[in-house]
Amino acid sequence: MLERIEESFALDPIAVTINETDEPRAIWETVAWFGDETEADAARAELGLSGAVIAPVRQRDWVRESLAGLAPVHAGRFFLHGSHDRALRRAGGIALEIDAGTAFGTGHHGTTTGCLLALDEILKRRRPVRMLDLGTGTGVLGLAAALAVKQSVLATDIDAEAVRVAKLNAVRNGAGPLLQGVTAPGLHHPVFKAKAPYDLIFANILARPLALLAHGLSALLAPGGDLILSGLTLDQERWIRACYRNQGLVARRIVHCGNWVSLVLRKPVRQTKTRRGGPQRVSETQSAARAPGWEIDA
């Protein structure tokens with residue numbers, strides 16, 4: 001039926017859906033939406049479906065209903081909510097108001113939640129000063145870090161609309177001066193080196209670009225700095241870890257949210273140990289390889 005609707009030049013439905021209503025008997029239901037009853041009746045005649053049901057779609061606030069399905073997100077000290085849940089803001093912690101819109105990142109996706117959980121653990125031990133949010137989307141990760149440590153963050157995205165939304169969200173959350181939004185593909189924009197090296201970098205994008213950016217991101221990271229990567233599925237974890245291990249970075253944290261993985265990688269700091277016979281240079285990579293990290297399943 002769907003093929004007949006799509007192939008007919010006489011039919012122009014607004015939308016079409018198909019649903020399997022009885023799996024054992026392989027019965028499917030096709031629903032097509034038209035602008036008015038006349039168009040729907042003409043479609044029924046064109047398809048020869050005398051028994052097809054035509055009914056008006058009741059008026060509904062589709063925006064309100066879709067937002068109602070986006071409940072607030074708790075991730076450590078961070079509480080993310082839309083404007084429709086403003087009354088549910090907690091007294092403690094850091095609350096961020098991020099509405100669903102034209103950019104990625106409301107906190108509901110496992111990659112965003114995983115990055116926030118990783119950030120929460122990092123903040124228990126250190127307070128980064130120079131920060132980069134690559135592929136910022138709505139700006140949620142950069143804003144969370146900026147509000148937590150009261151430091152500015154460079155938020156970049158290949159999409160100018162995402163940068164616009166991120167800046168707007170910064171103002172809405174009282175952090176306008178803390179977020180520097182720049183439209184920049186890859187790492188070629190001069191602003192990256194001008195602000196480097198970074199104590200903390202977020203890169204919540206996709207596995208393939210993360211693999212291609214391994215050298216560039218590692219070079220921008222300060223010794224002892226943390227790199228939070230996400231946009232990875234479970235089967236991509238080993239591949240990306242290997243890419244960054246080849247750049248000398250050490251995996252210190254792993255966060256699992258369903259089928260999604262967030263990694264925390266650290267750039268080693270060379271240290272001096274005093275042993276019999278005088279000082280000896282050793283790298284953090286050697287000690288980190290023996291030190292257990294932590295893993296979260298959220």
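Since the structure is predicted, the reported quantities are computational estimates derived from the model, not experimental observations.
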**Report entry** For Gly142 against Asp133, the heavy-atom pair lying closest together
**Finding:** N-OD2, 3.1 Å
**Report entry** Leu80 and Thr113: CA distance, side-chain angles, deciding distance, side-chain contact (heavy atoms from CB on, under 4.5 Å) verdict
**Finding:** CA-CA 10 Å; Leu80 275 65; Thr113 304; over 6 Å; no
Query raised in the report: Got a donor-acceptor contact below 3.5 angstrom from the Arg77 side chain to the Ile94 backbone?
Result: no
Query raised in the report: Asp120 side chain to Gly76 main-chain N or O, any donor-acceptor pair under 3.5 Å?
Result: no
Report task. Over 60° means perpendicular and under 30° means parallel, so classify the ring planes of His81 and Phe79, tilted if in between. Result -> tilted
Report task. Kindly indicate, with the supporting measurements, whether the criterion side-chain contact (heavy atoms from CB on, under 4.5 Å) is fulfilled by Leu213 and Leu134. Result -> CA-CA 11 Å; Leu213 293 171; Leu134 181 74; 3.8 Å; yes
Requested in this report: Quickly, which of Val264, Thr112, Val255, Ile122 forms a side-chain contact (heavy atoms from CB on, under 4.5 Å) with Leu117? Name it, please.
Outcome: Val255
Query raised in the report: Would Leu187 and Thr156 count as a side-chain contact (heavy atoms from CB on, under 4.5 Å) if you check the C-alpha gap in whole Å, the side-chain angles of each, and the deciding distance to 0.1 Å?
Result: CA-CA 9 Å; Leu187 297 173; Thr156 70; over 6 Å; no
Under 3.5 Å, sequence neighbours excluded: what are the donor-acceptor pairs made by side chains of residues 215-227?
unit_1: His215; atom_1: ND1; unit_2: Gln247; atom_2: OE1; d: 3.2
unit_1: Ser218; atom_1: OG; unit_2: Ala214; atom_2: O; d: 2.7
unit_1: Asp226; atom_1: OD1; unit_2: Arg266; atom_2: NE; d: 2.9
unit_1: Asp226; atom_1: OD1; unit_2: Arg266; atom_2: NH2; d: 3.3
unit_1: Asp226; atom_1: OD2; unit_2: Arg126; atom_2: NH1; d: 2.8

Report summary line: To the nearest 0.5 Å, atom CD1 of Ile158 lies from atom OG1 of Thr183 at 10.0 Å
Report summary line: For Ser83 and Glu97 the tightest heavy-atom approach is CB-OE2, 3.4 Å
Going by atom type alone, with no hydrogens or angles, which donor-acceptor pairs under 3.5 Å involve a side-chain atom of residues 230-243 and a protein atom two or more places apart or on another chain?
unit_1: Ser230; atom_1: OG; unit_2: Val261; atom_2: O; d: 3.1
unit_1: Ser230; atom_1: OG; unit_2: Ser262; atom_2: OG; d: 2.9
unit_1: Thr233; atom_1: OG1; unit_2: Asp235; atom_2: OD1; d: 2.4
unit_1: Thr233; atom_1: OG1; unit_2: Gln236; atom_2: OE1; d: 3.1
unit_1: Gln236; atom_1: OE1; unit_2: Thr233; atom_2: N; d: 3.0
unit_1: Glu237; atom_1: OE1; unit_2: His256; atom_2: NE2; d: 3.4
unit_1: Glu237; atom_1: OE2; unit_2: Arg241; atom_2: NH1; d: 3.4

Query raised in the report: Once you round to the nearest 0.5 Å, how far does CG of Asn204 lie from SG of Cys115?
Result: 4.5 Å
Report task. Please check if the side chain of Asp36 supplies one atom and the backbone of Thr38 the other of a donor-acceptor pair under 3.5 Å. Result -> yes
Requested in this report: Taking the side chain as every heavy atom from C-beta outward, state whether Glu161 and Asp159 have any pair of such atoms under 4.5 Å apart.
Outcome: yes
Report summary line: Between the CZ atom in Arg172 and the NZ atom in Lys167, the distance rounded to the nearest 0.5 Å is 15.0 Å
Report task. Verify the cluster assignment for Leu229 and Ile254: are they in a single hydrophobic cluster under the rule of side-chain heavy atoms below 4.5 Å apart? Result -> yes
Query raised in the report: For the hydrophobic clusters of this structure (ILVMFWY residues joined by side-chain heavy atoms under 4.5 Å, transitively), does one cluster hold both Leu249 and Leu132?
Result: yes
Report task. Report the distance from atom CG of Leu265 to atom CZ of Arg252, rounding to the nearest 0.5 Å. Result -> 10.5 Å
Report task. Ignoring hydrogens and angles, state whether a donor on the side chain of Asn169 or Thr138 is under 3.5 Å from an acceptor on the partner side chain. Result -> no
Requested in this report: Determine whether Val140 and Val149 fall in the same hydrophobic cluster, where Ile, Leu, Val, Met, Phe, Trp and Tyr are linked whenever their side-chain heavy atoms lie under 4.5 Å apart.
Outcome: yes
**Report entry** Leu123 side, atom CG; Leu200 side, atom CG - distance, nearest 0.5 Å
**Finding:** 8.0 Å
Query raised in the report: In this structure, which one of Val153, Asp199, Leu154 forms a side-chain contact (heavy atoms from CB on, under 4.5 Å) with Met131?
Result: Val153
Report summary line: d(Leu143 CG, Thr136 OG1) to nearest 0.5 Å is 7.0 Å
Query raised in the report: Looking at Glu121 and Lys124, what are the two nearest heavy atoms and their distance?
Result: OE2-NZ, 2.9 Å
**Report entry** Hydrophobic cluster identity match, Leu168 and Leu179, side-chain contacts under 4.5 Å
**Finding:** no
Query raised in the report: Does some side-chain heavy atom of Leu210 sit less than 4.5 Å from a side-chain heavy atom of Tyr244?
Result: yes
Requested in this report: Work out which heavy atom in Gln151 is nearest to a heavy atom in Pro128; give both atom names and the distance.
Outcome: CG-O, 4.1 Å
Query raised in the report: If only atom types and distance count, is the side chain of Asp157 paired as donor or acceptor with the main-chain N or O of Val163 below 3.5 Å?
Result: no
Query - Single-linkage hydrophobic cluster, 4.5 Å side-chain cutoff, Ile201 and Val191 together - result: yes
Requested in this report: Dump the intermediate steps for side-chain contact (heavy atoms from CB on, under 4.5 Å) on Val182 and Phe192, then the final yes or no.
Outcome: CA-CA 10 Å; Val182 177; Phe192 290 107; over 6 Å; no
